[in-house]
There are 2 protein chains.
Amino acid sequence: MIRNISTSEVLYETGREGAAWRVVSGSVRLDRKTPEGDAGFASLAIRGDIIGAETMLFGAYSFTATALSPCTLTSWPEREGSPAPAGDLLKTLIFAERRAAEVIALRYGQAAERVKRLVMLLAAPGADCAGSVHVPLQVTLPPRQDMADITALTLETVSRMVSGLRRSGVLSPTTDNGAVSGNRFSLGSGKIDYLFDTQESLR
Amino acid sequence: MIRNISTSEVLYETGREGAAWRVVSGSVRLDRKTPEGDAGFASLAIRGDIIGAETMLFGAYSFTATALSPCTLTSWPEREGSPAPAGDLLKTLIFAERRAAEVIALRYGQAAERVKRLVMLLAAPGADCAGSVHVPLQVTLPPRQDMADITALTLETVSRMVSGLRRSGVLSPTTDNGAVSGNRFSLGSGKIDYLFDTQESLR
DNA sequence: CGCATTTTTGATACACGTCAATCTCCGTGG
DNA sequence: CCACGGAGATTGACGTGTATCAAAAATGCG
């Protein structure tokens, strides 16, 4: 089974019944409902990640999943109805731990570095097209508030940093069929590692 | 097989061969070796968590594990030699995702809240003694530098916040056999939710 | 007891949060 | 076709929580 979801759409909510999914393209944020009612960012899933595996044990979702960009999902495991084999579960576990380490790293260091790392993570090509031609990577950036929740910054700071990345050439606008689409960018092929430190230096 | 490890001792290193472990007591930090050579904090494991599961796929560890407090480990799965069943792997996956969400939350909010959440996490009783008598929880705090790495604060700020928790009665020194042991505290039973915001208000 | 390491405390600087004012898209209806 | 309005993004000015630098105090260990 395949699902297509658009940005900011909710894939599923905490407590609801459902099954596990594999993120084929796009990116998803997972939130846990805190007692105060506000949804706290819990994890990030990008292409290749499995989400909602807890339903295989509880029958219900532990997190709420929201699309950060247009994305497509497929049921997991592939063969619906049959339980996931141990080998697949092990691989999923290891990938989840690696992804968690990356997300944790997104909340360390200066704002400019964090936002850049997030952009790179979202733009990272899947393992399937490793070693292919050297085309510039492309990203569809999530809403600023989501980027802020992920990096533990504020919406305003993220906006400033994205502007800085544009200005320094790391991100350049992309044209789709003649029209510039708002949040779609291509990564500057020259790995510009220029770091802007303060808000003033961004001008 | 059982291992006893003392604070700051390395359990295993990235790339080394070995097996998976269950943390029976104490706490462990996992680091990934970054290209720059400095070990970046990757994850936190406390009582009940499984670490080193990647060896079941790769044969080698992906992270470096260091004890944050005196802790004991047992081989996992219980029956050495035989592979872990799918059910256990699924449970491990779900626990890992939950723990990751908690660690991510440790890097959000004001310094005082973060340090307090870390202390509470380290002091949390295992699921085995749920609903038991109401005895004050105890913690052995990790070295300040480790607490700083986990919360993405600095050593100095963590020290100030721990002092604040002591002053506000959340943490009180514990005596073991008449001698006050440096980093062992008991949690004030009255849930003091007083939040000190600035460094000045800590005095 | 004396030295090395860790922790605590202090003073100052600055990176980011906060508050607030535009600005840019888009969709909607007159 | 253009005026209108709402939502998200950008930019600016200012305050503050925490990093930084530095020194003293506590702790552990031979």
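Proteins come first, then strands; the chains are lettered A, B, ... in the order of their sequence lines, and each starts at number 1.
For A:Gln110 against C:dC16, no side-chain N or O and base N or O form a donor-acceptor pair under 3.5 Å. Judged by distance alone, with hydrogens and angles left aside, B:Arg167 brings no side-chain donor or acceptor close enough to the base of C:dT8 to form a pair under 3.5 Å. For A:Glu156 against C:dC16, no side-chain N or O and base N or O form a donor-acceptor pair under 3.5 Å. For B:Arg160 and D:dG17, a side-chain-to-base donor-acceptor distance below 3.5 Å is absent, hydrogens and geometry of angles not being considered.
For A:Thr92, the side chain to side chain contact (heavy atoms under 4.5 Å, CB included) test picks out A:Ile50, A:Trp76, B:Leu93, with sequence neighbours left out.
In this model, the phosphate group of C:dC16 is not approached by any side-chain N or O of A:Arg114 to a distance below 4.0 Å at OP1 or OP2. Of the side-chain N and O atoms in A:Thr157, one or more sit less than 4.0 angstrom from OP1 or OP2 of C:dG17. The side chain of B:Ser163 contributes an N or O atom lying less than 4.0 Å from OP1 or OP2 of C:dT9.
Pairs of residues two or more places apart, or lying in two chains, that qualify as side-chain hydrogen bond (donor to acceptor under 3.5 Å, both in side chains) and include a residue from residues 50-63 of chain A are A:Trp21-A:Tyr61.
Rounded to whole Å, atom P of C:dT8 lies 10 Å from atom CE of B:Met147. Following rounding to the nearest Å, B:Asp146 (CG) and C:dT6 (C1') show an atom-to-atom distance of 12 Å. The CZ-P distance, from A:Arg107 to D:dT18, rounds to 15 Å in whole Å. Here the C1' atom of nucleotide D:dG8 and the CG atom of A:Leu68 are 16 Å apart, to the nearest Å. Straight-line distance from the CG atom of B:Leu165 to the P atom of C:dT7: 16 Å, rounded to whole Å. In this structure, A:Arg166 places its CZ atom 11 Å from C1' of C:dT24, rounding to the nearest Å. Straight-line distance from the CG atom of B:Leu153 to the C1' atom of D:dT20: 14 Å, rounded to whole Å. Computed from coordinates, the B:Glu113 CD to D:dT18 C1' distance equals 14 Å when rounded to whole Å.
When the nucleotides D:dA19, D:dT10, C:dC16 are ranked by their closest atom to the side chain of A:Ala111, C:dC16 comes out on top.
Residue A:Ala152 is classed as a sugar-phosphate contact, given heavy-atom separations below 4.0 Å to backbone atoms only. Among the heavy atoms of the strands lying under 4.0 Å from B:Leu155 is at least one base atom, whether or not backbone atoms are also near.
For A:Thr74 (side chain) and A:Met1 (main-chain N/O), no donor-acceptor pair under 3.5 Å exists by modelled atom type.
When only modelled atom types and interatomic distance are considered, B:Thr7 and B:Ser69 share no side-chain donor-acceptor pair under 3.5 Å.
The minimum heavy-atom distance between A:Ala45 and A:Ile51, with the atom names listed, is CB-CG2, 3.5 Å.
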